[in-house]
Amino acid sequence: MGLVAREPELAVIADVLDRAPADVRALVLVGEPGVGKTSLWEVGLAHGSARGMRVLVARASASETGLPFAGLIDLLDEVSGADLDDVPPPQRHALEVALYRADPGEHPPTDQVVSLALLSTLRSLARREHVLVAVDDLQWLDPPSQLALAYASRRLPDHATLLLARRPGAATAVEQALPDEHLGSLTVGALSLGGTRQLLAARLGLRLPHHLLRRVYDTTLGNPLFALEVGRLLSGRDPELVGDDLPVPDAVEDLLGLRVADLHPAARRVLLALALAADLRTAQVAALAGADAVEEVVRAHVVQAQGDRIRPTHPLLAEAARRAASADDVRRLHADLAAIVSDDQRQVLHLALAATGPDRRLAARLDAAVRGATARGSIRLAADLAGHALRLTPVCEPDAARVMVLAKLLQMAGDKHRLTELLAPRAASLPDRADRVRAHVLLTGGVVHGNDDILRHLQQALDEAGDDSGLRLRVLCHLAENEAVIEVRNVEVADRKAAEAVAASAAGSAGDQRLALYTRVWTSALRGRPLDGLLERYEALASGSTYLARTPGRVAGQQHVWRGEPGPARARFEAFRSLAAERGEPSPYALARLHLCELELRVGRLDAAEELLDEWAASLDSSLLHWPMYERCRSLLAAGRGDAARAREWGGRAVAQAEEMGVRWDWLEATRALGVAALLDHRPEEAVRHLRTVWAHTRREGVLDPGAFPAAPDLVEALVEVGDPAGAREVVDVLAEAADVQDHPWARLASGRGRAAVALASGWSDDVAADLAGVAASYARLGLAADAARTWLLLGRAQRRSRKWGAARESLGCAVGLYEQMAAPGWAAAARAELERVGARRPGGGRLTATERRVADLAADGLSNKEIARVLVVTVSTVEFHLRNTYSKLGIRSRMELAQGLAALDEPAP
């Protein structure tokens with residue numbers, strides 16, 4: 001049956017499906033439950049099929065969000081082995097493992113390979129026919145499937161279209177992967193009063209007097225599903241006998257519950273089965289409830305059959321059936337589902353959900369399922385299975401092994417509360433000493449209220465280790481990491497301990513060696529040493545079951561950030577985040593988001609940093625990181641934007657929380673943000689106090705990489721402002737030494753910037769000014785816009801003070817342009833204030849400066865701004881600034897007038 005009152009929405013969908021095949025295109029339908037987005041989406045599928053498209057369909061379900069690759073299995077259900085012939089064998093194997101068509105072998109496929117395999121599959125299919133990839137209820141798509149689809153969406157082939165539907169909320173990873181120009185969004189709103197009238201007449205043959213129609217509309221707020229359910233209640237009634245209040249519940253979900261309650265018990269069983277296992281086939285449902293029940297629910301329009309598949313006409317109907325069912329009904333149906341599903345892991349999960357008491361054989365089967373889920377990287381599913389295995393262990397049998405398996409999986413899944421509830425009462429009574437040590441260490445990742453709690457758990461672990469050197473080694477690694485990374489103290493001593501642990505672990509297990517190497521990577525990074533050798537040794541020992549948060553790749557990414565190498569840093573962090581998402585480990589995912597945010601703050605991509613922070617604040621994993629990391633990133637963002645008041649607000653909050661919790665890293669970074677805010681507010685004495693605190697602490701405690709806590713350049717500037725050039729030179733000397741010893745790109749530029757700042761404070765030098773301009777250009781080439789902007793501002797101020805008016809305008813213009821590009825209005829305003837003090841045309845009147853003339857000549861020759869920037873080794877913002885000045889001086893408005901304006905300028909005066 002066709003849709004009514006949806007002509008504008010249908011026209012949008014048709015337009016997307018009819019666009020030129022070479023365009024990469026996607027449309028997402030966004031609407032509240034029951035508003036009709038799924039119906040529109042279904043029409044889109046029908047239109048795609050009618051146009052001869054190959055339609056790949058996934059209907060995500062809340063019941064399958066925790067099942068890895070459930071969406072991908074649905075999407076590629078009708079893609080045969082022959083369709084995959086063009087997919088490279090390693091990719092094909094990874095895809096078939098994800099689709100449960102092949103065994104994983106020793107190592108589960110990585111998310112990168114599965115994602116690449118999906119892309120290869122779509123490209124192969126699109127070479128033969130136009131492909132329509134359609135996903136409904138995108139918000140419920142399981143994370144591994146969403147990750148793979150996001151990867152493929154960035155690189156969609158020609159002859160491929162996405163049609164997506166979801167509820168309102170934050171954009172999904174798939175949407176974020178698509179460029180704005182390739183993604184359309186259609187908000188599916190409520191029907192009008194007239195639309196509601198058409199809907200009731202077309203679907204139910206119901207015609208109501210206007211006053212009653214108005215009450216239906218006001219009650220349902222134009223929600224089509226709600227309106228239809230109210231209409232069904234009114235069907236057969238005399239409209240004149242309906243009172244002032246309609247006989248309906250307050251919410252559509254409750255109304256659907258009434259509709260489900262009116263069904264025959266066998267029909268309700270059909271809906272309940274679909275709520276518990278969304279991917280059932282018609283024959284399977286008939287086996288559960290009988291063919292008559294299937295026919296009844298189809299006739300009642302609560303279920304629809306499509307080929308051999310059967311689904312609720314709306315997901316809320318299945319949810320209503322589940323809420324209405326008793327616990328006994330649910331358990332019995334789980335037992336029946338176990339008899340008809342084909343996948344071993346789902347079968348044993350249904351059996352576990354049906355079990356009410358200990359079951360030795362079932363617990364053993366669950367152990368095998370845990371291993372299988374872990375091998376596939378399905379950590380959340382593995383944790384659920386392990387929890388059932390422990391629950392079903394007979395009281396008379398030892399369960400410590402299952403306790404420790406579950407605890408490890410809960411740590412990997414980021415479930416801190418369940419981890420603490422499981423281990424805290426049992427850690428001291430576990431029969432094996434090694435388990436007791438591991439339990440206390442695992443509890444450091446549970447619910448803790450500060451670093452003192454972590455140190456208490458580690459001390460308990462050390463006490464339990466006694467004279468066992470192997471166990472003591474593990475605990476000492478954790479203590480060394482805590483000392484170096486949490487407390488940021490005695491880093492040189494922690495480094496020596498880590499080196500000793502690496503040497504001692506050579507005789508131990510691979511796990512012991514990995515832990516020691518991970519700890520040494522941290523201390524080596526803070527000490528400014530290369531990490532390549534340690535990383536190679538770690539990779540040789542890598543295991544698919546290693547907890548991602550304790551892998552050294554993310555530390556290597558941080559070192560790239562500290563050294564001013566954003567490209568390699570981003571590659572490492574993105575790979576780390578993708579792997580965390582694939583394996584369902586939320587704590588590592590949260591860490592990846594933190595590191596990406598820190599990277600964006602360093603390079604000056606402030607809007608991107610804010611997007612990550614907004615996602616962080618809204619996400620369910622916002623509490624997974626113990627420390628005030630969010631608060632100190634907010635303070636650094638405000639400082640980067642030039643909002644001193646907000647920087648002080650967030651920075652003060654972060655400092656207070658860090659002091660209370662005993663964590664020094666966030667304390668140092670928040671204190672640095674307070675120093676930058678003071679500089680912006682022209683309070684150099686306060687800036688010196690904050691920044692010198694950071695600098696002195698890191699130097700005293702053995703942090704040798706100056707980019708780890710990059711307070712030095714701001715400290716030099718503040719010391720110059722308060723008239724302490726000697727103190728500034730001491731900082732510069734340390735930077736220069738670090739640059740030489742560590743071959744440190746960022747430190748080399750920072751020392752050059754600081755040396756020039758000290759020199760220009762004592763008197764003007766063209767050579768020093770040229771050096772400082774070179775530093776700014778080098779920052780820009782490295783992609784460090786924030787540092788480049790500060791350097792241009794520093795140079796422009798020095799030029800203004802020395803009455804170098806034209807040069808000052810150029811430098812300050814560059815600063816303004818970069819700050820505007822960075823979305824840093826506070827700093828842009830500070831640079832503009834300096835520019836206003838220079839004056840608009842002093843002393844050259846309408847004459848162009850040498851740089852302006854060079855830029856104008858190149859533009860008149862037809863070069864783009866980007867090409868001019870490459871020729872002159874400046875930023876595009878600098879080119880734009882010079883062109884704006886040129887247009888103003890010549891009295892023109894565009895490039896088309898530029899050649900004529902320059903010719904007029906060159907004419908001799910009469």
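- For R128, the salt bridge (charged side-chain N to carboxylate O under 4.0 Å, His left out) partners two or more places apart in sequence, or in a different chain, are D83, D86.
- The CG atom of L366 sits 8.0 Å away from atom CG of L351, with the distance rounded to the nearest 0.5 Å.
- Considering all non-hydrogen atoms of both residues, G34 and P224 come closest at O-CD, 3.2 Å.
- Checked by atom type and distance alone, the side chain of R577 never pairs as donor or acceptor with a backbone atom of F573 at under 3.5 Å.
- Listed by chain and residue number, R19 satisfy the side-chain hydrogen bond (donor to acceptor under 3.5 Å, both in side chains) test with D15 (two or more places apart in sequence, or in another chain).
- Closest non-hydrogen pair, G71 versus A58, comes out as O-CB, 3.7 Å.
- Nearest heavy-atom pair across L274 and P312 is CD1-CD, 3.8 Å.
- Among residues two or more places apart in sequence or in another chain, the side-chain hydrogen bond (donor to acceptor under 3.5 Å, both in side chains) test is passed with Q176 by none.
- With hydrogens and angles disregarded, a donor-acceptor distance shorter than 3.5 Å links the side chain of D142 to the backbone of A70.
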**Request:** Carefully, step by step, assess L17 and L27 under the rule side chain to side chain contact (heavy atoms under 4.5 Å, CB included).
**Result:** CA-CA 9 Å; L17 296 180; L27 178 66; over 6 Å; no

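- Listed by chain and number, the residues in a side-chain hydrogen bond (donor to acceptor under 3.5 Å, both in side chains) with Q304 amount to none (sequence neighbours excluded).
- In this structure, H130 and H159 have perpendicular ring planes: the angle between them is above 60°, well past the 30° mark.
- Under a 3.5 Å cut-off, the side chain of E9 and the backbone N or O of V188 do not form any donor-acceptor pair.
- No donor-acceptor pair under 3.5 Å is formed between the side chain of W616 and the backbone N or O of L594.
- In E78, the CD atom is not crowded: 12 or fewer heavy atoms of neighbouring residues, nucleotides or ligands sit closer than 6.0 Å.
- To the nearest 0.5 Å, the span separating CE on M53 from CG on L45 amounts to 11.0 Å.
- For the salt bridge (charged side-chain N to carboxylate O under 4.0 Å, His left out) test, residues two or more places apart in sequence or in another chain that qualify with E42 are R59.
- When all heavy atoms are compared, the tightest approach of G195 to L191 is O-CD1, 3.9 Å.
- With values rounded to the nearest 0.5 angstrom, H560 atom NE2 is found 5.0 Å from R572 atom CZ.
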**Message:** Determine whether L122 and L56 satisfy the following criterion, side chain to side chain contact (heavy atoms under 4.5 Å, CB included), listing intermediate values before the conclusion.
**Reply:** CA-CA 10 Å; L122 295 179; L56 307 180; 3.8 Å; yes

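- Judged by distance alone, the side chain of T121 and the main-chain N or O of A117 form a donor-acceptor pair under 3.5 Å.
- A pairwise comparison of heavy atoms in F69 and A98 identifies CB-O, 3.5 Å as the closest pair.
- With values rounded to the nearest 0.5 angstrom, Q345 atom CD is found 11.5 Å from D384 atom CG.
- In this structure a side-chain-to-backbone donor-acceptor pair under 3.5 Å is present from N223 to P33.
- Side-chain atoms of L178 and L162, non-hydrogen and from C-beta on, do get closer than 4.5 Å to each other.
- Between the E175 side chain and the T172 main chain, a donor and an acceptor come within less than 3.5 Å of each other.
- Here the straight-line distance linking atom CG of D137 with atom CZ of R166 works out to 11.5 Å at 0.5 Å rounding.
- Between R281 and D77 a salt bridge is recorded (basic side-chain N to carboxylate O distance below 4.0 Å).
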**Request:** Given side chain to side chain contact (heavy atoms under 4.5 Å, CB included), test V294 with V303 step by step and report yes or no.
**Result:** CA-CA 8 Å; V294 175; V303 157; 5.7 Å; no

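- Contact annotation: the side chain of V114 never approaches that of P144 to less than 4.5 Å [non-hydrogen atoms, C-beta and beyond].
- Expressed to the nearest 0.5 Å, how far CG of L337 lies from CG of L353 amounts to 10.0 Å.
- Taking 4.0 Å as the cut-off between side-chain N and carboxylate O, R605 and E600 count as a salt-bridged pair.
- When atom types are taken as modelled, the side chain of E96 and the backbone of A102 share no donor-acceptor pair closer than 3.5 angstrom.
- Using a 4.0 Å cut-off between charged side-chain N and carboxylate O, R127 and D158 make no salt bridge.
- No side-chain heavy atom of V16 sits less than 4.5 Å from a side-chain heavy atom of L163.
- With hydrogens and angles ignored, the 3.5 Å screen pairs a side-chain donor or acceptor of R155 with a backbone N or O of Y151.
- Judged by distance alone, the side chain of R51 and the main-chain N or O of D18 form no donor-acceptor pair under 3.5 Å.
- A donor-acceptor contact closer than 3.5 angstrom links the side chains of E598 and H595.
- In this view, S39 satisfies the side-chain hydrogen bond (donor to acceptor under 3.5 Å, both in side chains) rule with no residue, not counting sequence neighbours.
- L164 places a side-chain heavy atom less than 4.5 Å from the side chain of V174.
- Closest non-hydrogen pair, A556 versus L535, comes out as CB-CD1, 3.8 Å.
- Between the side chains of E867 and N865, no donor-acceptor pair of N or O atoms lies under 3.5 Å.
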**Request:** Could you walk me through whether V43 and L10 pass the side chain to side chain contact (heavy atoms under 4.5 Å, CB included) test, one step at a time?
**Result:** CA-CA 8 Å; V43 171; L10 292 171; 3.6 Å; yes

